[in-house]
Amino acid sequence: MSARARACRNCKKIVVGNSCDNCGSTDLAVNYSGLLIVLDPEKSRIAKELGITKPGHYAVKID
Ligand SMILES: [Zn+2]
């Protein structure tokens with residue numbers, strides 16, 4: 001139906017495709033857990049703790 005989402009090991013972003021649209025890394029993990037949806041990184045404390053600076057979907061933990 002749709003391409004499987006994977007998590008970027010470099011920046012934790014959830015991506016669909018062969019490379020991360022956030023940092024350009026091709027090191028993508030199929031196995032990840034947790035989903036963090038960041039709408040406004042400036043106002044999100046957890047986003048700052050994880051070093052997230054752009055809105056998007058992120059994995060909390062990558063295996
Ligand atoms: Zn990335």
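Every number for a ligand or one of its atoms is a count from 1 in the order of the listing.
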Peer 1: Between C20 and V15, which heavy-atom pair has the shortest distance, and what is it?
Peer 2: CA-CG1, 3.8 Å

Peer 1: Which atom pair, heavy atoms only, marks the closest approach of P55 to P41?
Peer 2: N-CG, 3.6 Å

Peer 1: Would you name the heavy atoms of K54 and V38 that are closest together and state the gap between them?
Peer 2: O-CG1, 4.3 Å

Peer 1: No waters, cut-off 2.8 Å: how many protein N, O or S atoms are close to the Zn ion (ligand 1)?
Peer 2: 4

Peer 1: Is it the case that over 12 heavy atoms from other parts of the model lie below 6.0 angstrom from the CD atom of E49?
Peer 2: yes

Peer 1: Nearest 0.5 angstrom please: T26 OG1 to R6 CZ, how far?
Peer 2: 9.5 Å

Peer 1: Quick one: pull up NZ in K13 and CD1 in I52 and give me the separation to the nearest 0.5 Å.
Peer 2: 10.0 Å

